[in-house]
Each structure stands twice: as structure tokens, then as C-alpha cells.
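Predicted model, so just to flag it, every value in this text is computed and none were measured. Every heavy atom of this structure was used, including side-chain atoms; hydrogens, water molecules and symmetry mates were not. Below, read A as the first sequence line, B as the second, and so on, with proteins coming before strands; counting in each chain starts at 1.
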There are 2 protein chains.
Amino acid sequence: MKQRLIIADPLELIAEGVRSWLREEKDLEVAYHVRSGVELVELLRRRAADLVLLEVSLPKMDGIDTMRAVHRDFPGQKVLAFSALSDIEYVNSMLIEGAHGYLVKESTREEFLRAVRVTLAGGRYLSATAQHSVEQGYSYTEKDPDGEYVGLTSREREIIRMVAQERTNGEIAAALFISEDTVKSHRKNLMTKLNVRSTAGLVKYALDRRWA
Amino acid sequence: MKQRLIIADPLELIAEGVRSWLREEKDLEVAYHVRSGVELVELLRRRAADLVLLEVSLPKMDGIDTMRAVHRDFPGQKVLAFSALSDIEYVNSMLIEGAHGYLVKESTREEFLRAVRVTLAGGRYLSATAQHSVEQGYSYTEKDPDGEYVGLTSREREIIRMVAQERTNGEIAAALFISEDTVKSHRKNLMTKLNVRSTAGLVKYALDRRWA
DNA sequence: GCCACAATACCCACATCTAGGGAATCTGGG
DNA sequence: CCCAGATTCCCTAGATGTGGGTATTGTGGC
């Protein structure tokens, strides 16, 4: 009779914490724990669950990509984003990709349970800091006034990852068999899309998503 | 009769997970949970514990600084570093500052319990990945052949934080009322000490420690 | 008092990145 | 087929960072 949750998070300890928080709840239980986005998609093919708790920072295929895949392949699946990060990029991206809410890991047990129940009931739960991020809006609203989500192409992600790995444009160009000018173009586009003004901003973006 | 642990970690969920892992252990319990290094030091002034589990990534005063403070003010205190990070810088730094072991958060309950008990018994526990990092040694061994720990001064940390915040040398200079040349000097020293060759490396270092 | 070191500042030379612009090719969807 | 977008490449020019130096001042420890 219990509502079944899937925890998608690289750490067993996090799953254990959630299990512990749910131990005395009669209506909720952790049915599965997966450690990556790939595992999650594979599991959903075989098993159903009422709610997925999805960490945004996952190795390789990050939470945003995973969210997109889940939303595409399992349109009705309820997903609550669950992360330590509350920056606008992640919150907005997850919501746009179909997450039903965004819960920060700093939350207490009470907030956690409320968020899970609200989401299961079909509502939208946002932690205060996530809500704040959404209200602030993208910091680069000037450059993108319609507020539309600006995604990165796979090539751009490839480039930004290598930038975060301390490689120069020349090295990236050599590794990808393209000209240095092309790499520069990609960096230019990346900086515009992400509204950062230096290498530091690109590195931060990539590292927050664990791409490097 | 139980051995008492203090969990120093920003997330309540982590503390809950540890409590859950210890629930059926007759000889271990979580006595306190603190969310920052400052809180930890304050608590230790008032209460004793057999072991501190110390996260390396803490806001403001990071785990390394906290470790140093604890080691200085409470020399006999047993501390087990407990983090998701296993890079050589953190592992070595924590051990040099006096940690009795280094446990990665990816560990299973079994490894966790083993690490805690080994440390309480006076032994040194290192997770496999941490052990690996130590064996690899600093990547900049050539530049620092005696393998001595290279710490950053407070001014250098101030600089590296601002670099990670996407500020240019000129902006940092203006903010700190020093010349741009001085900022360059600090960056130069930072890059040598940390053995990185670009802004990206500095940003990574700062972000891993949650300084930005 | 001396030594080590942090913090400050400057020199030169070179490497790399940033910021505009434009444009050709290819691919997938409507 | 046509269009939008991704990817590729080029140009100019200036800003910024990197990598060697050297040097002065102040502070704290021995």
C-alpha cells in the first residue's frame, strides 16, 4: 500500500538517510536506490515507482540530461529534483525538463516529507532557496529577454568540459581535430549562453555539473 | 557505554544516514551533529566525544582549517575525515593537519563501520581511493621534491576565491586596494604552489573547497 | 639582532583569451 | 525543398593572463 520512491544519487549514505527519514512513515518507502542516470532509466524500464528523487549532480549523464530522458521515455513519471545546488541554472533547467519540484538537500526531515507528499499529490514543491532562484530569474535576462531556456549542444559541452580540464584552445583544437578558431567560436557562444565573462565562469558551470 | 561520535557536515541528511547506519551497533552512537567548522570548535569546548567525522567541504572555514584548529586546541581528539572528495590535496592536507584517517562518502556501511572502529582503536584508516591518492603523491613532486605540504596564505586564499568569482586581476586589485601587479604575483605563487597552469586550475581548486 | 616569510610592487616578454564581425557546410524537421 | 540550427573557419584588435626576474617593507619567531 505504500507509495514507492526511487532514490537516484551516487551516495549510498544519502539513500540510507532518506530510508531512515521514512522509516516511521506508513505511506512511504524507498523501493530502489540507483547511483546514476543510466541506472535510473534502465530501472524504470523494468520497475514502476510513484516518485523519483533525482540528484542534479550525477557522474557522466547529469541530472538534467537524465530528467530529459525520463520525461521523454516515461512521460507520466513524477520526479522531484533533490540536490545541494540551488542555482537558477539547475532549478530552471530541471523544471523545464519536466521535474515536478526542486528540493534542496539542506532541508529538514519535515520539509523533505512535505515536499515528497506535495509532489505525490500532484503539486509542485520548491524549496525556499530554489524558489528564490526562480524569482530572480536568469541573470542574463538582458541578453535573452524571452527567458527561454538556453541549452548547450553536445559539442559545446565537449568544449566546456575540456576548458574545465585546464586545456588551452590549442590543445582542445588538436584533441578534437578542429581549428583553434572553431574552439574560440564555441567558447564565445558558451560565454554568451551562460552569461559568464571569463574562463572562471565556464569552469564553474562545468564543475557544478561534475563534467570535469 | 557507547562510544560517542560528532558528525561535522552541512547536511542533516548525512547525519541521519550515519545515525541509521549506527542504529543497531551496540558500541557506537551519534552524540552531536554540527553544520560547520566553527560550530564544531565551539562544541568541543563544551562537550567531549570519542571521534569526530569531519567533512572536508564546509562553508567558510573549510575542513582543513577546521582540522588544524581542532588539532591545535584539542590535541588528543580523534578525527576521521569524511568526504566525497578523494584528491591528493585534500587527503594529504587533512592527514598532515592531524586527521587519523580518510573515509570517502561513497563507502558502504561495512567500510564505514570498519573505518570508525579502526580509528577509535587508534589505527589509521584510508579508503582505497584515498590510499591511491597518497601513493600517487603530489602531482607536482618535481617542483617540490621534499613532498612538503604547501599551504596557502590567507591573502592567497582571498585572491583565489575572487578569481573563482570571475573577477579580473584589475577588479581584484581595486577591491583589495592593492596594485594589479601584486595580484599577478599572488596568482603566480598560487599556480606554482598548486601546480596548475591556468585560471581553470585555480577555479577548480577553489570550487572543490567551496570557497567561491 | 637575524632569519624566514608574507605582502607588496615593478620589469620585460610572450601566450592566451575576449569581442566584434562575417561566412560556408551540413543535417534534421516541417 | 527550405529553413533553423549546429559546426566549422576566418579576420581584426585589444584585453588579460602567464612566466621569468628582482626588490622593499613589516612581522613574528628564535
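- Set against C:dT8, C:dC10, D:dT7, the side chain of A:Arg155 has D:dT7 as its closest nucleotide.
- Judged by distance alone, the side chains of A:Glu111 and A:Tyr125 do bring a donor and an acceptor atom under 3.5 Å apart.
- Put simply, the side chain of B:Lys188 and the base of D:dG17 share no donor and acceptor less than 3.5 Å apart.
- Atom CG of B:Leu202 is separated from atom P of D:dT16 by 18 Å (rounded to the nearest Å).
- B:Arg197 has a carboxylate O that lies under 4.0 Å from a charged side-chain N of A:Glu171, or vice versa, which qualifies the two as a salt bridge.
- Protein atom CZ of A:Phe177 is 17 Å distant from nucleotide atom C1' of D:dT7, rounded to whole Å.
- Between B:Arg167 atom CZ and C:dT18 atom C1' there is a gap of 20 Å when expressed in whole angstrom units.
- Nearest heavy atoms, A:Pro10 versus A:Glu55: CD-CG, 4.3 Å.
- Taking the side chain of B:Lys184 as heavy atoms from C-beta on, and the options D:dG17, D:dC9, C:dG21, the nearest nucleotide is D:dG17.
- At whole-Å resolution of the value, CG in B:Leu190 and P in C:dT8 are 12 Å apart.
- Listed pair A:Thr199 / C:dT18 meets the phosphate criterion, a side-chain N or O lying under 4.0 Å from OP1 or OP2.
- Two residues, A:Gly170 and B:Ser179, neighbour DNA chain C, and the one matched to the more 5' nucleotide by heavy-atom proximity is B:Ser179.
- Nearest nucleotide to the B:His186 side chain, out of C:dT18, D:dT7, C:dT8: C:dT8.
- B:Glu158 approaches B:Leu176 most closely through the heavy-atom pair OE2-CD2, 3.7 Å.
- Taking side-chain N and O atoms only, B:Arg197 has no distance below 4.0 Å to OP1 or OP2 of D:dT18.
- Among the protein residues, B:Thr182 comes within range of the nucleic acid bases, having at least one heavy atom under 4.0 Å from a base atom.
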Inset, instruction - In sequence, state the C-alpha distance, the side-chain angles, and the governing distance for A:Asp9 and A:Lys105, and then conclude on salt bridge (Lys or Arg N to Asp or Glu O under 4.0 Å). - result: CA-CA 11 Å; A:Asp9 192 290; A:Lys105 274 188 178 163; 2.6 Å; yes
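- Here the P atom of nucleotide D:dG17 and the CZ atom of A:Arg187 are 12 Å apart, to the nearest Å.
- Which of D:dG19, D:dC10, C:dC17 sits closest to the side chain of B:Met191 comes down to D:dG19.
- Spacing between atom CD of A:Glu166 and atom P of D:dT18 amounts to 11 Å, rounded to whole angstrom units.
- As rounded to whole Å, 14 Å separates atom C1' of C:dG20 from atom CG of A:Asp181.
- Atoms CD1 (B:Ile172) and P (C:dA7) sit 15 Å apart, rounded to a whole Å.
- Mapping A:Ser185 and A:Asn169 onto DNA chain C by nearest heavy atom places A:Asn169 at the nucleotide closer to the 5' end.
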